[in-house]
Amino acid sequence: MSTLILPISPLIRSKSRLKNYFSENQLKDFTISMFLDLGKKLSEIKCFENILIYSSDNEILELALDYGLIGIREKFKSKYKLFDKTIQEINTVAIKKYNANKTILIFLDLILITKKNLVDINNLLYKNQIVVCPAINSAGISILGRNPPNIIHTHFSDPNIPSFFALSNEIKKNNWEKYAIYDSFRAGFDIDIKQDLVLGYEYLKILNLEESNTFKFLKKNLKLNLIKGDKNNNRNLIIIEKDNKLFKKKLLY
């Protein structure tokens, strides 16, 4: 069976790209809300031998225990370390301490992911050496399965090349044929920038996920909307405050 690994940034650094919009306490609450939702889903899946939560925060580790997940304490460092290093650490723990012969790496901000998505990826990993789910809004990676766990390096810390492109380049370079792309909107949607917050809030409503902790947090704290900058172009979206007169004017037409 596979081992699922979930690294979580320290709460004081979580979702730092959103700190120009949410306060430090809000970002902490947002992170915990996402973990409550994902933790519940993970606790209800039986296809993984172990589910490892890698965090330096007592609050996250205690919640992991509440869900029957395995909390692995990451040593907190005041200085930033490369994210690839963090992934390598928890991947090594999975191999050496839990005898993992396959690992599936996921991330906390996959707020739309379903239990079926995770089961599907796990099934694909039995037939392939590498399974990857590309991120919807970027050339990044939302989920990475490796069989065996050390078959390929991660490239999240590459300063120049997006992680999905870098991984694909390495796969081609090594001529790996047992490679699958898991193409999924729900598994590939993540939260990284302000636009993702608004999209995520709307998608949660559309998918009837209004009872989720993440939706309740966004409903309470999100004061943004997206409107078309050009009425004929969905790709030209503008982020505005909900009380913006332009938004109110748009609602009239």
Side-chain angles (χ1 to χ4, degrees), residues 1-9 16-17 38 42 45 47-52 54 74 80-96 98-193 195-196 199-200 235:
M1 297 176 71
S2 305
T3 293
L4 185 139
I5 56 179
L6 171 59
I8 299 178
S9 299
S16 58
R17 292 178 186 173
L38 184 56
L42 295 178
I45 296 175
C47 64
F48 299 113
E49 186 171 11
N50 294 296
I51 298 176
L52 310 182
Y54 195 47
E74 178 184 10
Y80 285 93
K81 64 179 175 181
L82 294 177
F83 190 44
D84 284 328
K85 175 67 174 175
T86 298
I87 295 171
Q88 182 182 358
E89 289 171 356
I90 184 58
N91 201 58
T92 299
V93 170
I95 296 169
K96 292 187 175 181
Y98 294 93
N99 299 314
N101 53 26
K102 295 182 286 294
T103 58
I104 295 176
L105 168 70
I106 68 168
F107 299 108
L108 182 63
D109 58 356
L110 304 178
I111 64 171
L112 306 179
I113 196 168
T114 67
K115 291 180 285 186
K116 184 179 184 301
N117 291 146
L118 292 169
V119 172
D120 288 346
I121 289 173
N122 183 61
N123 289 338
L124 279 173
L125 195 57
Y126 276 87
K127 304 173 184 178
N128 296 277
Q129 294 173 294
I130 300 166
V131 178
V132 61
C133 178
I136 291 294
N137 294 323
S138 67
I141 292 171
S142 64
I143 303 173
L144 176 63
R146 292 182 282 182
N147 177 16
N150 55 3
I151 189 172
I152 193 170
H153 296 293
T154 57
H155 298 274
F156 296 99
S157 303
D158 192 304
N160 300 308
I161 305 175
S163 54
F164 181 53
F165 293 168
L167 183 82
S168 298
N169 290 340
E170 186 173 345
I171 289 171
K172 290 180 180 179
K173 180 180 177 181
N174 288 279
N175 295 314
W176 280 310
E177 296 180 354
K178 293 184 177 181
Y179 164 54
I181 294 178
Y182 184 72
D183 184 8
S184 168
F185 164 69
R186 290 188 63 155
F189 180 82
D190 59 0
I191 300 288
D192 207 26
I193 58 177
Q195 180 170 308
D196 300 334
L199 290 171
R235 297 299 296 273

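Every value quoted in this text rests on a predicted model; they were computed, and no experiment measured them.
For the 3.5 Å distance criterion, the side chains of Asn137 and Asp196 qualify, holding a donor opposite an acceptor.
Scanning for side-chain hydrogen bond (donor to acceptor under 3.5 Å, both in side chains) contacts around Asn122 gives Ser2, with sequence neighbours left out. Take Asp84 and apply the salt bridge (Lys or Arg N to Asp or Glu O under 4.0 Å) test, not counting sequence neighbours, and it matches no residue. Partners of Phe189 under the ring-ring contact (aromatic ring centres under 6.0 Å, His included) rule, at least two apart in sequence or in another chain, are Tyr203. Under the side-chain contact (heavy atoms from CB on, under 4.5 Å) criterion, Asn123 pairs with Val119, sequence neighbours left out. Asp190 is linked by a salt bridge (Lys or Arg N to Asp or Glu O under 4.0 Å) to nothing, counting only residues two or more places apart in sequence or in another chain. Judged as a side-chain contact (heavy atoms from CB on, under 4.5 Å), and not counting sequence neighbours, the contacts of Leu82 are Lys85, Ser157. Residues that satisfy the side-chain hydrogen bond (donor to acceptor under 3.5 Å, both in side chains) test with Gln129, not counting sequence neighbours, are absent from this structure. Taking Thr92 as the reference, Gln88, Lys96 meet the side-chain contact (heavy atoms from CB on, under 4.5 Å) condition, with sequence neighbours excluded. Tyr98 is linked by a ring-ring contact (aromatic ring centres under 6.0 Å, His included) to nothing, counting only residues two or more places apart in sequence or in another chain.
Aromatic ring orientation, Phe107 versus Phe83: tilted (interplanar angle from 30° to 60°).
Screening residues 178-188 for salt bridge (charged side-chain N to carboxylate O under 4.0 Å, His left out) gives no qualifying pairs among residues at least two apart or on separate chains. Legend: side-chain hydrogen bond (donor to acceptor under 3.5 Å, both in side chains) pairs involving residues 100-116, not counting sequence neighbours, sorted by first then second residue: Lys15-Asp109, Glu44-Lys115, Asn91-Thr103, Thr114-Asn117, Lys116-Asp120. Residue pairs meeting the side-chain hydrogen bond (donor to acceptor under 3.5 Å, both in side chains) criterion with at least one partner in residues 165-176, sequence neighbours excluded, are His155-Glu170.
For the pair Leu42/Leu118, a side-chain contact is recorded, criterion being any heavy-atom separation below 4.5 Å from C-beta on. Residues Val93 and Glu74 have side chains not in contact (no heavy-atom distance under 4.5 Å, counting atoms from C-beta outward).
The distance from the CZ atom of Arg146 to the OG1 atom of Thr154 is 6.0 Å, given to the nearest 0.5 Å. Rounding to the nearest 0.5 Å gives a distance of 11.0 Å between CD1 of Ile106 and SG of Cys133. One distance of note links OG of Ser142 with CG of Leu110; it measures 5.5 Å at 0.5 Å rounding.
Looking at every heavy atom in both residues, Gly200 comes nearest to Ile191 through CA-CD1, 4.5 Å.
Judged by distance alone, with hydrogens and angles left aside, the side-chain atoms of Asn128 form no donor-acceptor pair with the main-chain N or O of Ile130 at under 3.5 Å.
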